[in-house]
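All ligand and atom numbering here is 1-based and tracks the order in the structure. All values below were derived from every heavy atom in this structure, side-chain atoms included, with hydrogens, water molecules and symmetry-related copies excluded.
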Amino acid sequence: MQNNQRYLVTAALPYANNHLHIGHIAGAYLPPDIYVRYMRMKGEDVIFICGSDEHGTAIEMAAIQEGIQPREIIDRYHFSNKKAFEDLRIDFDIYSRTSNEVHHKTAQEFFLNLHEKGILFTKSEKQLYSEKEKRFLADRFVTGTCPNCGYENARGDECENCGSNLSPLELINPRSKITGDTPVVKESTHFHFPLDKYQEKLEEWLKSKNGWKQNVMNYIKGWMKTGLKERAITRDLEWGVKVPLEGYDGKVLYVWFDAPIGYISATKELFELRGDADGWKRYWLDNDTKLIHFIGKDNIVFHTIIFPAMLMAHGGFILPENVPANEFLNIGGQKQSKSRGTGILVKDIVAKFSADSVRYALAASLPENRDSEFSWEDLQARNNNELAAILGNFVNRTVVFAKNKFGNKIADRTESTPESEDLFRYVSSQAELTGKLIEEFRIKDALSEAMNVARAANKYFNDTEPWKLIKTDKEKCGSIINDCLRVCFSLAVIFRPFIPGASDKILGILGIDTASITWKDASNPAIPAGAELGENMILFPLIEDEEIKPAEKQKEEVTSSAEDKTEDGLITIDDFRKVQFKVAEVLECEKVENSRKLLKLRLKVGDKEKQIVSGISEYYKPEELIGRLIIVVDNLKPSKLMGIESHGMLLAAKSGKELKLVTVDGNIAPGAEVN
Ligand SMILES: [Zn+2]
């Protein structure tokens, strides 16, 4: 299909004064990544834009409190968040920053355009000024007594005790948050944007919008009903985009005004890097482009009212086609908040679990229409009971069967049964449905339809009973396995937008080039009969109970069990003698299937042999251990780990992310006692 249509997809610019948590990801980043991956597989022309929002009082304040420059704050969080996105395989075409020169220039030009058209107006306002600091104090720089409840440490913008919105001038006994200085009231002149004058135009434009989400429309209606009001677009601050006019020293653009322009400057930067300096114009100035803003609900007003009004005022720019905002993702019933310690940081979760597991579990709980819940148990259950038990299981049983019964080759397809035709008709209609749901921004439903394909595939395998058929009719059995391998291909395509890592692995096993995959391949999965399959691998290692315990809980358990022993933490020599430490030689060692942590070791201790299971797989490869002399606790009660018996425990030293086995200095017979 030949068309000129193109898509400009943006994800909300994260504020660079904090680490991203998974609520952010579920709100504004995973949905567009899935959408963009799908649209590209469909052959659409799409660019995907994001970057750090690096101005505003919160950053300047944080810098002052830490005694460092704002630049250090934004560098810290910009690079940390950029890496968090990469680790989760959220692949922007560019992850820019509003502190870049191209942004300052673009935002200033935007301001001047409105100024020269006479759209902006200035207004003098009373503001708090610190004589000692020689600066106006923005709301967050002031603290004082709340006029409503008497709370003594109310902020300049809000009282955290009674929740009332405040302005610094309403505070009783206001003081500078930084120096404690008592400010004076002084006049300051600021530029304003007449948002009220755009209400009618906005309402007209919004009327033409079909298919916007109900939650988004409800917010918009609320704002419109209250009536739009003029807004100050400059403020007295050091850190930000300077007002590009003489006589306005010490004034910068308000961050709500400069941040959304960041989408435009990031696009400019992207095409500059691509050596096509004017390329950005195709995406921002051409009506054949559809602009889609993915955001969380706290940003709805900026993307559906304020930024569109700014774009209208400037003229020439396209307006958003859709703004599929999500609600909030709660952890254990609480809104994610770093200050309350309820958030799960992206950098922490990706350090422990695969991007695919996290992406799948979050996509399955997206807060698309209302706030949703997420817990560590959800992550474990989604991974173990769905990814591993349904999708991973089907691919694994098919590939293992082909390996064992057909020499690891793709068997010939010799016949087509009604069951097989039904299956492929279903796969094809599901691929279409999944795609349609993604295009309607119903990502959660799309994922659930994708998993239904894997369910149908398992049913086909069960119903056709290839393990019986292999004994009576190898040719027909081969045909069924060929069907199953083709469905593996379809599954790799349908799941590709959601879990790109697993999709790559499945396609790798099938020997298919990932670069040329299109959405159509799901309905027409062609694989060459006779070709050799790649090496099978575990797609989704099971997540064990102890992996999902929060760190604090693990610590508590360690402390309490230590306290059980003695009151002063010391043990007697008799206590120590109860433990038999012995030297053991590692005879055999292998990974425990479906476990990311466990190794199974066969040991020689004296003249007996024993098996132990140990959680050191992340630190040692099985082959590195064979022949080594290690120290074990020989008289530990046997236990079972993932169903495998363990008769003892090996000793290892652990520090942070490092782990080293305890060994002996030189050679000694296995079974030697350690005292
Ligand atoms: Zn109050």
- [ ] Dump the intermediate steps for ring-ring contact (aromatic ring centres under 6.0 Å, His included) on Phe498 and Tyr360, then the final yes or no.
- [x] CA-CA 7 Å; Phe498 306 97; Tyr360 181 84; 8.1 Å; no
Task: Distance filter under 2.8 Å, centred on the Zn ion (ligand 1) - protein N, O or S atoms that pass it - done: Cys146 SG, Cys149 SG, Cys159 SG, Cys162 SG
Open item on the list: Side chains of Asn218 and Gln214: any donor to acceptor distance under 3.5 Å?
Closed with: yes
Task: Polar contact flag, side-chain donor to acceptor under 3.5 angstrom, Arg175-Asn153 - done: yes
TODO: Can you sort out the partners of His104 under side-chain contact (heavy atoms from CB on, under 4.5 Å), two or more places apart, ordered by chain and number?
DONE: His55, Val241
Task: Sub-6.0 Å ring centroid separation between Phe92 and Phe85 - done: yes
- [ ] Name the orientation class of the two ring planes belonging to Phe111 and His115 (parallel below 30°, tilted from 30 to 60°, perpendicular beyond 60°).
- [x] parallel
